[in-house]
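First the structure, in the form of structure tokens, and then the observations on it.
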Amino acid sequence: MNIDLPHSLRARLLWFLFAAIILTAIAQAVIAYRTALAEANEIFDYQMQQMALSLRPGLPVSSELADRFITNEDENFDFVVQVWTADGRRVFQSTELAEMPQRSPLGFSSVDARGTTYRLFSVASGKQLIQVAQDLAARRELAGTLALRTAGPILVMVPLLMFLVWWVVSTSLAPVTRVRKQIAAREVDALTEVSEQGLPDEIRPLVQELNLLFHRMRQAFDAQKNFVADAAHELRSPLAALKLQVEGLRRAHSDAGRELAVSRLSSGIERSSRLVEQLLVLARHQANTAAATGNTLVDLAQAARLAMADVGTAAQTRGIKLSLVQACECRVSGQEEALRILLRNLLDNAIKYTPLGGQVRLTLLHDEGRAAVVQVDDSGPGIPEEDWKRVLDRFYRVTGAEGGGSGLGLAIVKAIADFHGAEIAMGRSTGLGGLCATATFRPGK
Amino acid sequence: MRLLLVEDDLMIGESVLDLLRDEAYAVDWVKDGEMAHTALGTQSYDLVLLDLGLPKRDGLAILRALRARKDRTPVLITTARDSVGQRIEGLDAGADDYIVKPYDLDELLARIRALVRRAAGRAEPVYTYLGVSIDPATREVSAHGQPVVLSSREWALLQLLLARPGAIFSRKQLEEKLYSWKDEVSSNAIEVYIHGLRKKLGNGLIQNIRGVGYMIPTVEP
């Protein structure tokens with residue numbers, strides 16, 4: 001049997017408790033009635049017996065005795081007494097309304113007469129047969145009265161109990177209602193925490209987790225806002241340059257001047273495009289933390305070769321020797337394109353900040369914990385230790401560095417590394433003396 | 001006029017440099033805070049165009065140091081920092097004006113003219129003296145009502161002299177005002193320009209004080 005339970009905890013509690021109370025009350029009433037009935041039977045049987053036995057010495061047919069019986073109407077037990085002689089003559093009859101058959105077994109028996117059932121007690125006394133009978137209806141009536149008296153208070157208690165239960169359930173669930181109202185009353189986009197005051201143990205963990213979620217969402221939104229603000233700010237300089245370069249083109253008064261102005265304008269547009277491109281890459285990889293869609297098993301050596309091909313021309317222009325050392329079969333779970341960008345940006349960085357004719361080496365290896373490690377060493381001047389952490393920030397450029405980069409290359413590396421659960425660290429290159437940038441992936445990935 | 005351009009962005013710097021030179025300013029360009037500090041310590045300028053986000057030393061720190069030694073060179077801050085708080089900070093640190101990137105070049109030039117004008121103690125943009133009238137905004141020159149065409153350097157020289165009547169400028173001083181440190185100056189360049197100006201505007205305008213320098217005389221009241 002499928003009962004469709006109400007969805008409200010409160011309704012469910014009340015429904016079940018009320019049902020329990022009512023069922024208990026009914027059971028109580030029924031039991032009381034049956035007990036009372038059994039008691040009444042015993043008492044009346046005993047009385048009938050006693051009455052019959054007390055008549056045994058002989059019953060003179062005297063009217064006073066008969067009258068006495070008949071006038072006991074207020075008790076109304078409906079006892080009927082009949083006395084028969086041995087020869088079948090009814091000597092006494094307490095009431096004319098009921099007649100018992102003469103033939104009846106001695107002791108207790110039941111007789112159906114006049115549309116109802118009588119309990120009959122017969123005892124023989126010398127030459128006489130004494131019968132005492134009682135309408136069972138009378139017994140049931142008495143039993144009913146007694147039961148009512150017992151169960152009555154309970155029936156009065158039921159509404160009280162139900163009210164009490166309703167009140168207790170309501171006040172116990174009040175904190176839940178309060179939390180619901182609190183959350184419903186907030187502004188649409190408010191992410192402030194919900195108060196945990198006075199909450200029952202069952203609800204508090206839920207609200208705590210909710211508050212943690214709000215906190216994380218706030219952080220994500222703030223990071224998003226900061227990103228947009230930073231990006232807008234950083235676009236100002238490239239745009240200012242474009243404005244000035246157009247002005248230069250407008251004022252050019254010779255072919256050579258115009259040529260120069262156009263080439264400057266081209267470079268300016270190139271730079272702006274690159275910045276926008278990098279911002280998009282960064283935004284895309286920052287948004288997907290912990291999203292595991294579309295992950296494949298990526299061969300780091302393959303990604304490394306692609307990245308090296310990407311930066312080959314730049315290395316060649318600066319006369320930088322680019323090499324790959326593969327000391328493992330490194331495979332990690334992730335996205336091939338993103339890992340290629342990560343490797344390319346690390347190489348790009350190394351090439352840019354290494355003087356002409358220097359060296360850049362990309363190494364793939366396993367560390368002691370069987371974690372895949374990518375290491376880029378260069379023979380450049382390196383980065384001062386206090387900048388090792390800051391250099392991964394958006395738009396951070398090491399002071400005094402040449403380059404004219406956007407400051408986003410390493411921020412992108414960090415975003416992609418975070419996405420893959422990898423750690424980025426800067427250090428001093430023991431091999432080549434410059435910067436050593438390492439990306440350590442999680443073992444078993 | 002000799003200007004110091006402090007700007008670390010290469011593309012902006014090279015464009016501004018050429019555009020200002022086209023406007024007959026002599027411009028020195030430094031790309032970081034340290035070099036700016038050195039330049040300000042060794043050379044006097046008519047105006048400084050100061051970017052704030054500089055490597056090696058922050059622009060505001062340089063400005064504060066400049067004002068701390070009572071240097072009154074006009075400073076125009078050009079920066080991408082645009083919030084009101086940042087503008088207030090810049091102006092209160094001693095800047096005379098504040099312009100936010102990206103800016104319109106013509107506006108920059110107008111603001112430069114305004115600051116140079118004030119620094120010379122003048123208020124009127126067009127100035128007329130001894131029959132010669134010059135308009136720095138348009139670089140139009142007229143002598144006694146007739147328009148005159150001057151070369152870039154002649155213009156710069158005339159503007160210098162006309163801005164401070166009664167002040168004597170030595171040849172060296174004039175060279176410093178007309179050339180940036182990257183320019184090669186031939187030893188008689190100034191004489192050539194003075195000669196050109198006298199020819200176009202009349203002999204009485206520019207006086208040569210022997211052994212000292214050149215000046216435009218003050219008008220006898």
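What you see is a predicted model; the values in this text were computed from it and never measured. Throughout, protein chains are lettered first and strands after them, A, B, ... in sequence-line order, and every chain is numbered starting at 1.
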Checklist entry - Is atom CZ of B/R139 surrounded by more than 12 heavy atoms (other residues, nucleotides or ligands) closer than 6.0 Å? => result yes
Next on the checklist: Are there over 12 heavy-atom neighbours, none belonging to B/R72, within less than 6.0 Å of that residue's CZ?
Outcome noted: no
Checklist entry - Where is the tightest heavy-atom contact between B/M11 and A/A241, given as atom of each residue plus distance? => result CB-CB, 3.8 Å
Checklist entry - Should we count CD of A/E259 as having more than 12 external heavy atoms under 6.0 Å? => result no
Checklist entry - Among A/R236, A/H253, A/Q245, which has the most heavy-atom pairs under 4.5 Å with chain B? => result A/R236
Checklist outcome for this item: Applying a strict 4.5 Å limit to non-hydrogen atoms, the region of B/E14 in contact with chain A is both
Checklist entry - Considering residues, nucleotides and ligands other than A/E385, do more than 12 of their heavy atoms fall under 6.0 Å from its CD? => result no
Next on the checklist: Looking at B/R122, I want to see if its CZ is surrounded by more than 12 non-hydrogen atoms of other residues, nucleotides or ligands under 6.0 Å.
Outcome noted: yes
Checklist outcome for this item: Given the options A/R264, A/R251, A/E247, B/D18 meets side-chain contact (heavy atoms from CB on, under 4.5 Å) only with A/R264
Item to check | Among B/D51, B/D8, B/L108, B/D106, residue most engaged with chain A (heavy-atom pairs, under 4.5 Å) | outcome: B/D106
Next on the checklist: For B/N188, is the CG atom crowded, meaning more than 12 foreign heavy atoms sit under 6.0 Å from it?
Outcome noted: yes
Next on the checklist: Is B/E7 close to chain A through its backbone or its side chain, or both, or neither, when contacts mean heavy atoms under 4.5 Å?
Outcome noted: neither
Checklist outcome for this item: Here the pair of heavy atoms bringing B/L19 nearest to A/G248 is CD2-CA, 3.8 Å
Checklist entry - Within a strict 4.5 Å, meaning less than it, do heavy atoms of the A/K243 and B/L105 side chains meet? => result no
Item to check | Interface residues of residues 75-103 of chain B facing chain A - non-hydrogen atoms under 4.5 Å apart | outcome: B/A80, B/R81, B/D82, B/V100, B/K101, B/P102, B/Y103
Checklist entry - Taking everything shown except A/E423 itself, do over 12 heavy atoms lie less than 6.0 Å from its CD? => result no
Checklist entry - Would you call B/D9 and A/R271 a salt bridge, using N to O less than 4.0 angstrom? => result yes
Item to check | Residues in salt bridge (Lys or Arg N to Asp or Glu O under 4.0 Å) contact with A/R218, at least two apart in sequence or another chain | outcome: A/E193
